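Worksheet: one structure, shown below.
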Amino acid sequence: MHDAGPGPMARRKVKTSKPVTYADAEPSAFASMLGGLIDANVESRPERKKDFDSLAARVGIWVTDIDEGVTLVFERGALVVHNGLEPKRDITIRAEADTVMNLSNLKIGLFGMPVYYDEVGRGVALKLLRGKLRIDGLVGNLATLNTVTRIFSVAG
Amino acid sequence: MAVNAFSDEWAVRFKDEVNKSSVYKAAAKGWKWTVGLVIEAEPDKNVPESVGVVMDLFDGEARDIHVGPASEAQTCQFVITAPYTRWKQVATKELDATKGMLQGKLKLKGDLPTIVRYTKASQELTECTTRVPVQWPDER
């Protein structure tokens, strides 16, 4: 006779919620793209998932040449994407669209550090030096920035 | 000599431009997916029906680019959709394709990490379209 009582299945962890959700009923295209990118990255790469599960931070990204931005609220294993810049951000990245995309193409090297000595890395570093890439809140949040960069990174 | 936008002749010229580009060849190394462009109809601009551009791109080479029905383009692994006017803006450099995607002016379907990894290649593809002299249907 079938035993309907709780068996091993009851203790199995079931994924009940999506890691990436949106605060706004109509997420902007930029919000959807960043959220989708992080979602796919975290789902497909265990090392990114580990970073995602450990990160608690509020990160703003403002794309200067389209005047649009998002706030990413990382809550250790969950991310809420907001349209626009929300208050109390730990870090805010301001750059043109191309540079924001290039941040995702930074390679991750030894000890999980972003690589700034290849072509993409040098381009990003140059933008930083020229003020075309601004990172507010960098002091004291370098480890957070590196974790966020790893979560974004689609490079090998 | 200018060719009609999104015609068979245009597809041949576009493919030639892609295969002439050393920038594309280097940036698209490892790319192995089909890309469909859907040009949505704008009857008031002399584009009565949606058109598809189907691109078989492989490892830095355009193996085939042809114009067909929008439904064919929609079956590609990556699909970028926009109304005719937006595509014209992209091809005439009025609109940057990356910005267009971030603003939702060009709608992208496909694996996001992959397309982001090949941002430079997609920018060069856009550059290739600008090198083909075109007669636009709304200017005829």
Side-chain angles (χ1 to χ4, degrees), chain A residues 20 22 24 26-45 47-49 52 61-70 81 83-84 93 95-108 118-124 149-156, chain B residues 21-33 35 37-38 40 59-60 77-83 85-87 89-90 92-130:
Chain A
V20 179
Y22 299 88
D24 300 86
E26 284 187 27
S28 68
F30 181 45
S32 302
M33 197 158 176
L34 267 192
L37 177 69
I38 293 171
D39 199 2
N41 232 7
V42 165
E43 287 290 315
S44 63
R45 304 175 103 170
E47 70 277 18
R48 306 285 188 262
K49 175 89 170 82
F52 185 74
I61 300 178
W62 187 257
V63 186
T64 53
D65 51 350
I66 63 171
D67 274 339
E68 271 194 47
V70 296
V81 185
N83 291 346
I93 299 166
E96 291 180 344
D98 278 356
T99 309
V100 170
M101 299 300 267
N102 268 343
L103 288 174
S104 292
N105 278 305
L106 278 174
K107 286 201 177 94
I108 305 301
D118 65 355
E119 190 190 342
V120 175
R122 281 196 303 273
V124 169
T149 307
R150 286 198 296 272
I151 290 169
F152 274 142
S153 176
V154 296
Chain B
S21 169
S22 55
V23 175
Y24 178 76
K25 196 174 182 63
K29 203 167 167 49
W31 179 273
K32 53 186 177 184
W33 300 276
V35 179
L37 310 180
V38 176
E40 291 175 326
D59 206 22
Q77 285 142 314
F78 290 86
V79 183
I80 307 174
T81 305
T85 305
R86 292 272 187 247
W87 285 115
Q89 286 176 323
V90 170
T92 54
K93 293 192 177 181
E94 263 182 69
L95 174 67
D96 176 84
T98 306
K99 280 189 223 168
M101 280 193 247
L102 295 184
Q103 291 173 302
K105 290 177 178 175
L106 304 175
K107 296 200 184 338
L108 170 72
K109 194 189 88 185
D111 183 60
L112 277 169
T114 303
I115 199 91
V116 171
R117 203 177 306 139
Y118 287 94
T119 303
K120 196 171 172 186
S122 62
Q123 285 169 337
E124 181 58 15
L125 272 183
T126 306
E127 279 295 315
C128 290
T129 65
T130 68

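For clarity, every value in this text was computed on a predicted model and none was experimentally measured. Every chain is numbered from 1 and lettered A, B, ... according to where its sequence line falls, protein lines coming before strand lines.
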Problem - Side chain, backbone, both or neither of Asp65(A) within contact of chain B (heavy atoms, under 4.5 Å) - result: both
Completion exercise
In terms of heavy-atom contacts, Lys120(B) and Glu119(A) come closest through NZ-OE2, 3.2 Å
Completion exercise
Checked Ile38(A), Val63(A), Leu34(A), Asp98(A) vs chain B; the most non-hydrogen pairs under 4.5 Å come from Asp98(A)
Problem - Spacing of CG belonging to Leu112(B) relative to OG belonging to Ser32(A), to within rounding of 0.5 Å - result: 9.5 Å
Problem - Spacing of Glu96(A) atom CD and Leu102(B) atom CG [to the nearest 0.5 Å] - result: 12.0 Å
Problem - Check ion pair Glu68(A)-Lys99(B) (N to O, under 4.0 angstrom) - result: no
Handout entry: Rounded distance [0.5 Å steps], CD1 in Ile115(B) versus OG in Ser104(A)
Key = 13.0 Å
Problem - Heavy-atom pair count under 4.5 Å with chain A, highest-scoring of Val116(B), Thr98(B), Asp96(B) - result: Val116(B)
Handout entry: Region of Lys105(B) in contact with chain A, defined by heavy-atom distances below 4.5 Å
Key = neither
Practice task
Please round to the nearest 0.5 Å and tell me the distance separating atom CG of Asp67(A) and atom CD of Gln103(B).
Solution key: 9.5 Å
Practice task
Please confirm whether the backbone N or O of Ala155(A) pairs with a side-chain atom of Arg117(B), one donor and one acceptor, at under 3.5 Å?
Solution key: no
